Amino acid sequence: MQIADRKAATAAYKERKSVAGIYACRCEASGQLWVGRAPDLATIENRLRFTLRHGSHRQRSLQAAWNAHGPDAFRFEALERLEDEDIAYVLDRVLKERLAHWRAKLGAEAL
């Protein structure tokens with residue numbers, strides 16, 4: 001990749017609009033379900049998989065399931081997208097409310 005291409009790719013990444021929301025992480029082998037919130041749904045799966053691969057995820061039950069069943073047993077999905085909340089404190093409050101809603105609806109653990 002040439003320098004100009006790399007600069008263009010970096011600029012495009014910085015200008016992209018992130019979409020916050022609520023996501024689910026499901027272990028198909030055990031049936032366990034975790035629900036979390038993220039300021040950028042496009043990057044959360046990669047971040048979770050990274051911490052799980054390194055054995056450093058703070059949610060012990062998720063890490064234990066990962067260790068027991070391996071990465072192929074896990075599926076990630078966006079449950080809800082919040083594209084219109086630009087003010088950080090409003091977004092944080094809305095994410096907390098929606099996370100509580102989805103945890104109760106699905107009977108899931110929090111991430």
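If you're wondering where the values come from, they're calculated on a predicted model, not measured in any experiment. When reading the values below, keep in mind they use all heavy atoms of this one structure, side chains included, and skip hydrogens, waters and symmetry mates.
Contacts of Arg53 classified as side chain to side chain contact (heavy atoms under 4.5 Å, CB included), with partners at least two apart in sequence or in another chain: Arg49, Phe50, Trp66. Every residue two or more places apart in sequence or in another chain that forms a side chain to side chain contact (heavy atoms under 4.5 Å, CB included) with Ala110 is listed here: Arg103.
Note: Phe74 CZ to Glu28 CD = 9.5 Å, rounded to the nearest 0.5 Å. Here Trp102 contributes atom CH2 and Leu79 contributes atom CG; the two are 5.0 Å apart, rounded to the nearest 0.5 Å. For the atom pair Leu48 CG and Gln63 CD, the distance stands at 10.5 Å (nearest 0.5 Å). Summarising the geometry, atom CG belonging to Asn67 is positioned 12.0 Å from atom CZ belonging to Arg60; distances are rounded to the nearest 0.5 Å. With values rounded to the nearest 0.5 angstrom, Cys25 atom SG is found 5.0 Å from Leu62 atom CG. Atom CG of Asn46 and atom CG of Asp40 lie 11.0 Å apart (nearest 0.5 Å).
Across all non-hydrogen atoms, the minimal contact from His69 to Ser30 is NE2-CB, 3.8 Å. Looking at every heavy atom in both residues, Pro39 comes nearest to Ser18 through O-OG, 3.8 Å. In terms of heavy atoms, Leu91 sits closest to Ala20 at CD1-CB, 3.6 Å. Considering every non-hydrogen atom in both Leu95 and Arg37, the closest pair reads CB-CD, 3.8 Å. Of all heavy-atom pairs between Arg98 and Ile22, the closest is CB-CG1, 3.7 Å.
In the hydrophobic clustering of ILVMFWY residues, with side-chain heavy atoms under 4.5 Å counting as a link, Val90 and Leu82 come out together. Linking ILVMFWY side-chain heavy atoms closer than 4.5 Å, directly or via other members, places Leu41 and Val94 in two distinct hydrophobic clusters.
Using a 4.5 Å cut-off on side-chain heavy atoms (C-beta onward), Phe76 and Ile44 make no contact.
Between the side chains of Ser61 and Gln32, no donor-acceptor pair is found at a separation under 3.5 Å.
Crowding of Arg81 atom CZ: a count of heavy atoms from other residues, nucleotides or ligands under 6.0 Å not exceeding 12.
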